[in-house]
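Take this structure, written in structure tokens, and hold onto it; I'll ask about it next.
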Amino acid sequence: SQTIHQWPATLVQPVGSPLSLECTVEGTSNPNLYWYRQAAGRGLQLLFYSVGIGQISSEVPQNLSASRPQDRQFILSSKKLLLSDSGFYLCAWRPGTGGGQPQHFGDGTRLSIL
Amino acid sequence: AQKVTQAQTEISVVEKEDVTLDCVYETRDTTYYLFWYKQPPSGELVFLIRRNSFDEQNEISGRYSWNFQKSTSSFNFTITASQVVDSAVYFCALSLSGSARQLTFGSGTQLTVLP
């Protein structure tokens with residue numbers, strides 16, 4: 001069966017520091033991969049998605065970037081964190097084919113910027 | 001552009017009551033998919049159900065049921081005989097049939113079931 005791993009679970013970083021969050025999927029090939037952010041107040045905002053290695057689409061301009069160096073690895077990065085980057089970050093995957101397949105989410109990373 | 005509206009920000013019920021969570025969507029596409037997710041206090045999003053735009057048949061799974069009505073662009077979720085473990089934030093989401101199939105989420109409904 002397929003599983004998704006996301007780490008770290010929690011992270012406290014000072015303003016201006018770099019960031020790297022990692023997400024890996026097991027048990028599938030060529031998945032679609034997604035990064036979401038959930039700020040206080042519950043709304044989920046799609047940040048990036050990828051349909052293949054090296055293919056990244058950004059949904060909102062911001063301080064963050066994403067990369068997909070391997071088929072089942074998705075990385076969220078920042079060179080300099082801002083206070084506004086605080087939030088709950090969720091990685092998700094779905095099969096690359098099949099019309100209505102749902103996205104499946106990792107356990108998330110709670111990021112606090114001090 | 002598509003949009004999902006969950007007008008109920010918070011709902012509080014007493015255990016064993018029935019509760020309905022509303023979801024209204026907007027899209028110009030004729031092919032789309034609707035989803036419900038549950039987010040318990042631990043934070044992970046749990047997939048509950050998927051519906052495609054060509055299937056208006058309602059579905060029941062245990063205490064959960066879903067009512068999809070294209071005429072009113074609604075996809076409502078009912079929990080029968082609610083339990084404390086049902087306390088969570090529930091999200092409705094919409095996906096189109098494009099290659100990346102991004103999800104557009106509603107703002108969520110916080111359901112609290114009191115003992």
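In what follows, chains carry the letters A, B, and so on, assigned in the order in which the sequence lines appear, proteins first and then strands, with residues in each chain numbered from 1. Note: hydrogens, waters and symmetry copies are ignored here, and every other heavy atom, side chains too, is used. Quantities reported herein were computed from a predicted structural model and do not represent experimental measurements.
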| said: Within this structure, what is the CD-CZ distance for the pair B:Glu44 and A:Phe88, rounded to the nearest 0.5 Å? | reply: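 Spacing of CD (B:Glu44) from CZ (A:Phe88) equals 8.0 Å.
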| query | Given the rule that I, L, V, M, F, W and Y join up when any side-chain heavy atoms are under 4.5 Å apart, are B:Val84 and B:Leu48 in one cluster? | reply |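 Per the 4.5 Å side-chain linkage, B:Val84 and B:Leu48 are not co-clustered.
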| message | Would a single hydrophobic cluster contain both B:Val24 and B:Ile49, if residues Ile, Leu, Val, Met, Phe, Trp and Tyr are joined by side-chain heavy-atom contacts under 4.5 Å? | response |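 Each belongs to a different hydrophobic cluster.
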| said: In this structure, would A:Tyr34 and A:Ile75 fall into the same cluster of hydrophobic residues linked by side-chain contacts under 4.5 Å? | reply: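 In one cluster: no.
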| Cluster overlap A:Val12 with A:Leu64, hydrophobic side-chain contacts below 4.5 Å |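 No, A:Val12 and A:Leu64 fall in different hydrophobic clusters.
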| query | CD1 of B:Ile60: more than 12 outside heavy atoms within 6.0 angstrom? | reply |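 Not more than 12 within 6.0 Å, no.
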| Between atom CD of A:Gln101 and atom OG of B:Ser95, what is the distance when rounded to the nearest 0.5 Å? |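 Result: 11.0 Å between the selected atoms.
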| Side-chain touch B:Leu103/A:Leu44, heavy atoms, less than 4.5 angstrom |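 The answer is no, as the side chains (C-beta and beyond) never meet within the 4.5 Å cut-off.
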| query | Hey, does the side chain of B:Tyr37 reach the backbone of A:Gln103 with a donor-acceptor pair shorter than 3.5 angstrom? | reply |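 Looks like yes, one N/O pair under 3.5 Å.
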| query | Going from CG on A:Leu46 to OG1 on B:Thr104, what distance comes out if it is rounded to the nearest 0.5 angstrom? | reply |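 Reported value, rounded in 0.5 Å steps: 8.5 Å.
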| request: Please check if the distance between the ring centroids of B:Phe47 and A:Phe105 is under 6.0 Å. | output: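 So the answer is no for these two rings.
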| Tell me, which pairs form a salt bridge (Lys or Arg N to Asp or Glu O under 4.0 Å) where one or both residues lie in residues 72-90 of chain A, sequence neighbours left out? |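 Non-adjacent pairs meeting salt bridge (Lys or Arg N to Asp or Glu O under 4.0 Å): A:Arg37-A:Asp85.
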| said: I'd like to know if B:Leu94 and B:Phe54 are part of one continuous hydrophobic network [Ile/Leu/Val/Met/Phe/Trp/Tyr, side-chain heavy atoms within less than 4.5 Å]. | reply: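 No: no chain of side-chain contacts under 4.5 Å links B:Phe54 to B:Leu94.
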| query | Given a strict heavy-atom distance threshold of 4.5 Å, which part of A:Gln6 is in contact with chain B: side chain, backbone, both, or neither? | reply |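 Nothing of A:Gln6, per the 4.5 Å heavy-atom cut-off to chain B.
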| Proximal component of B:Ser42, with respect to chain A [non-hydrogen, under 4.5 Å] |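 The backbone, not the side chain.
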| message | Under 4.5 Å from any heavy atom of chain A, what part of B:Gln39 do you find: side chain, backbone, both or neither? | response |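 Only the side chain of B:Gln39 comes within 4.5 Å of chain A.
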| query | Under a 4.5 Å heavy-atom cutoff, which of A:Gly43, A:Pro102, A:Gly108 has the most pairs with chain B? | reply |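 Of A:Gly43, A:Pro102, A:Gly108, A:Pro102 has the most heavy-atom pairs under 4.5 Å with chain B.
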